[in-house]
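Here's the structure we're looking at; comments come further down.
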Number of protein chains: 2
Amino acid sequence: MNLELIERLKEAGVQPSAQRLAVAEFVLETEQHPSADQVLEQVQNALPMLSRATVYNTLHLFVEKGLLRQLVISEGRVVFDPRLEPHHHFIDDETGDIEDVPWSAVKVGDVTGLKGYEVREYMVVMRGTKVKKRR
Amino acid sequence: MNLELIERLKEAGVQPSAQRLAVAEFVLETEQHPSADQVLEQVQNALPMLSRATVYNTLHLFVEKGLLRQLVISEGRVVFDPRLEPHHHFIDDETGDIEDVPWSAVKVGDVTGLKGYEVREYMVVMRGTKVKKRR
DNA sequence: TTCTGGGTTTAGACTTAATCCAGACTTTGT
DNA sequence: ACAAAGTCTGGATTAAGTCTAAACCCAGAA
């Protein structure tokens, strides 16, 4: 099962294993921005013997191999994002939820030309509240 | 001594005290982006009996009263920034140092008009390396 | 001056996220 | 089947941050 995922791990240079597959299945597929502990909790449903250390190891491995991005923008927590293409982030003041904002939604002027800095990546971080749909 | 600072605290609605003054003296003046523990360490030079809890209380009070901003963008740490006017941030990949980038250095297109979001504040977070001065 | 009460500070216990480690287990190649 | 390399585990450890109860300080009232 899940041959595609196995292929994807191999391509990234990650040797597949039951644990890694289970973690990948959740974290590479989710729409959320889970923290390590949230990943642990979720994946333990499928694989109860999974240890915390393995989750941390696996997530860091995935980040290293470019399958995940690590975000450090939310309230005191490190969080993982499976969307690799550049995008911005909106953080809800009330709930702390992080949402992706498409790259095209915000235009940012030339950043690579900043004197003194070699910018590898950048994003706009917005904070505020979500507007209820008006009828 | 330091009448100005005392005035500033009072204006912000903070009742001055020896500890709060000492913390203010460091954290409102620094060019860095210190973490709570760095503040503790520094201010203990001037006030050795200062307790960790007081530093946390004071920093949070300052944030609440608008004397400081809390940043959550660096490697797993909450960090405080005494510059209240809007600006962007550059984070050095190697050292983790955070530097301020003037608001005018990067132009960002209209963000307030994003459908579905009420944006209270935003900033561009850049990551990369500092360029050595070329001769 | 002494008393009193509110706000402030303290040390230490506690919580939670994250890391480390040594041994056990699995997989791979021969 | 075996050895070596790689992976996983539970538990101990570290570190950031929070909480709490008792002590402290000081301004105003008596």
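Naming: A, B, ... by sequence-line order, numbering from 1 per chain.
- Here the rule is side chain to side chain donor-acceptor pair (under 3.5 Å) with A:Asp81, and of A:His89, A:Gln32, A:Gln70 only A:His89 fits it.
- Side-chain contact annotation: B:Asp100 with B:His88, donor-acceptor N/O pair under 3.5 Å absent.
- Spacing between atom CD of B:Gln38 and atom C1' of D:dG17 amounts to 15 Å, rounded to whole angstrom units.
- Taking only side-chain nitrogens and oxygens, B:Ser35 never comes nearer than 4.0 Å to OP1 or OP2 of D:dA16.
- Atom CG in A:Leu47 sits roughly 13 Å away from atom P in C:dT26 (whole-Å rounding).
- As judged by a 4.0 angstrom heavy-atom cut-off over every strand, B:Ser51 is placed among the base-contacting residues.
- Applying the side-chain hydrogen bond (donor to acceptor under 3.5 Å, both in side chains) test to A:Lys130 and every residue at least two apart in sequence or in another chain returns A:Glu99.
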Do any N or O atoms of the protein come closer than 3.5 Å to N or O atoms of nucleotides 3-6 of chain D, and which pairs are they?
none

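- For A:Glu118 and B:Arg127, the salt-bridge test fails: no basic side-chain N is under 4.0 Å from an acidic carboxylate O.
- Counting heavy-atom neighbours within 6.0 Å of B:Glu31 CD, excluding the residue itself, gives a total of 12 or less.
- Other residues, nucleotides and ligands place no more than 12 heavy atoms under 6.0 Å from the CD atom of B:Glu4.
- If you measure from atom CD of B:Gln44 to atom P of C:dT9, you get 14 Å, rounded to the nearest angstrom.
- Partners of A:Asp97 by salt bridge (charged side-chain N to carboxylate O under 4.0 Å, His left out), not counting sequence neighbours: none found.
- What separates CG of A:Leu21 from C1' of C:dT26 is a distance of 15 Å, to the nearest Å.
- Rounded to whole Å, the distance from CG on B:Leu40 to C1' on D:dA15 is 13 Å.
- For residues 33-45 of chain A, the pairs satisfying salt bridge (charged side-chain N to carboxylate O under 4.0 Å, His left out) are A:Asp37-A:Arg52, with sequence neighbours left out.
- The side chain of B:Ala53 lies closest to C:dT10 when the candidates are D:dT9, D:dT7, C:dT10.
- Out of D:dT18, C:dT10, D:dC8, the shortest distance to the side chain of B:Arg52 is found at D:dT18.
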Report, one line per pair, each donor and acceptor closer than 3.5 Å where one atom sits in a side chain of residues 10-18 of chain A; sequence neighbours left out.
from, atom 1, to, atom 2, distance (Å)
A:Ser17, OG, A:Arg20, N, 3.2

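- Of the residues in residues 54-61 of chain A, those with a non-hydrogen atom less than 4.0 angstrom from any atom of DNA chain C are A:Tyr56, A:His60.
- Atom NZ in B:Lys10 sits roughly 10 Å away from atom P in D:dA27 (whole-Å rounding).
- In this structure, B:Glu41 places its CD atom 14 Å from P of D:dG17, rounding to the nearest Å.
- Straight-line distance from the CG atom of B:Asp37 to the P atom of D:dG17: 6 Å, rounded to whole Å.
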